[in-house]
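Keep in mind that the numbers below use all heavy atoms, side chains included, and drop hydrogens, waters and symmetry copies. From a predicted model like this one, the values you see are computed outputs, not experimental measurements.
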Amino acid sequence: NLQPTDQSKLNLLAYWLKGKCISSDNAELLATLFYDDSYRYSFCTMAYTSLLDKENYFSFTNFFLHIHRVCVVDNFFV
């Protein structure tokens with residue numbers, strides 16, 4: 001299987017983020033690369049120090065919290 005795992009994506013992004021600054025919009029897009037919520041949360045936490053617009057951090061993390069809730073509800077009715 002040549003698909004990268006969430007752990008390998010997290011490791012790569014941790015290396016890539018060193019010394020970089022990104023917007024919360026870009027961080028949000030990068031976080032969508034993860035399949036598992038725990039890795040997405042780890043990325044959000046890690047990305048905080050690199051955010052140019054830290055004031056938008058909570059809207060950034062709330063977006064994923066909303067998606068998680070929608071998925072939980074969808075899975076309940078399946």
Side-chain angles (χ1 to χ4, degrees):
N1 186 2
L2 297 176
Q3 290 290 340
T5 64
D6 277 350
Q7 183 62 57
S8 64
K9 293 175 196 175
L10 188 63
N11 294 344
L12 180 63
L13 285 170
Y15 177 78
W16 180 79
L17 273 175
K18 289 180 183 176
K20 289 191 174 50
C21 294
I22 59 172
S23 70
S24 58
D25 289 339
N26 287 337
E28 187 176 306
L29 287 172
L30 288 169
T32 62
L33 296 172
F34 297 97
Y35 297 108
D36 189 88
D37 287 338
S38 65
Y39 286 97
R40 192 173 295 123
Y41 176 77
S42 295
F43 172 74
C44 292
T45 304
M46 176 182 62
Y48 179 79
T49 58
S50 298
L51 290 182
L52 291 169
D53 53 345
K54 288 181 175 52
E55 66 275 8
N56 293 326
Y57 178 73
F58 290 105
S59 62
F60 158 55
T61 55
N62 284 338
F63 171 75
F64 292 106
L65 182 60
H66 173 73
I67 287 176
H68 174 73
R69 287 181 182 149
V70 168
C71 291
V72 168
V73 170
D74 283 349
N75 288 336
F76 178 77
F77 290 108
V78 172

Check whether Leu17 and Tyr48 end up in the same hydrophobic cluster, where Ile, Leu, Val, Met, Phe, Trp and Tyr are linked by side-chain heavy atoms less than 4.5 Å apart.
yes
Rounded distance [0.5 Å steps], CG in Leu30 versus CZ in Phe43:
4.5 Å
Shared hydrophobic cluster for Leu51 and Leu33 (ILVMFWY, side-chain gaps under 4.5 Å)
yes
Gap separating the NZ atom of Lys9 from the OG atom of Ser42, nearest 0.5 angstrom
13.5 Å
In one Ile/Leu/Val/Met/Phe/Trp/Tyr side-chain cluster, 4.5 Å: Tyr41, Ile22:
no
What distance separates Trp16 CH2 from Asn11 CG, expressed to the nearest 0.5 Å?
15.5 Å
Which value, rounded to the nearest 0.5 Å, describes the distance between Asp25 atom CG and Asp53 atom CG?
7.0 Å
Exercise: identify the closest heavy-atom pair between Leu52 and Ser23:
CD1-N, 4.3 Å
side-chain hydrogen bond (donor to acceptor under 3.5 Å, both in side chains) partners of Asp36, counting only residues at least two apart
Ser38
Report the residues that fulfil side-chain hydrogen bond (donor to acceptor under 3.5 Å, both in side chains) with Thr45, sequence neighbours left out, ordered by chain and then residue number.
none
side-chain hydrogen bond (donor to acceptor under 3.5 Å, both in side chains) filter on Thr49, not counting sequence neighbours, yields none
With sequence neighbours excluded, what pairs up with Lys54 under the salt bridge (charged side-chain N to carboxylate O under 4.0 Å, His left out) test?
none
Could you tell me whether a side-chain N or O of Asp6 sits under 3.5 Å from a main-chain N or O of Tyr35, the two making a donor and an acceptor?
yes
Applying ring pair (Phe, Tyr, Trp, His ring centres under 6.0 Å) to Tyr39 and not counting sequence neighbours gives none
Does any pair with a residue in residues 11-20 pass salt bridge (charged side-chain N to carboxylate O under 4.0 Å, His left out), and if so which ones, sequence neighbours excluded?
none
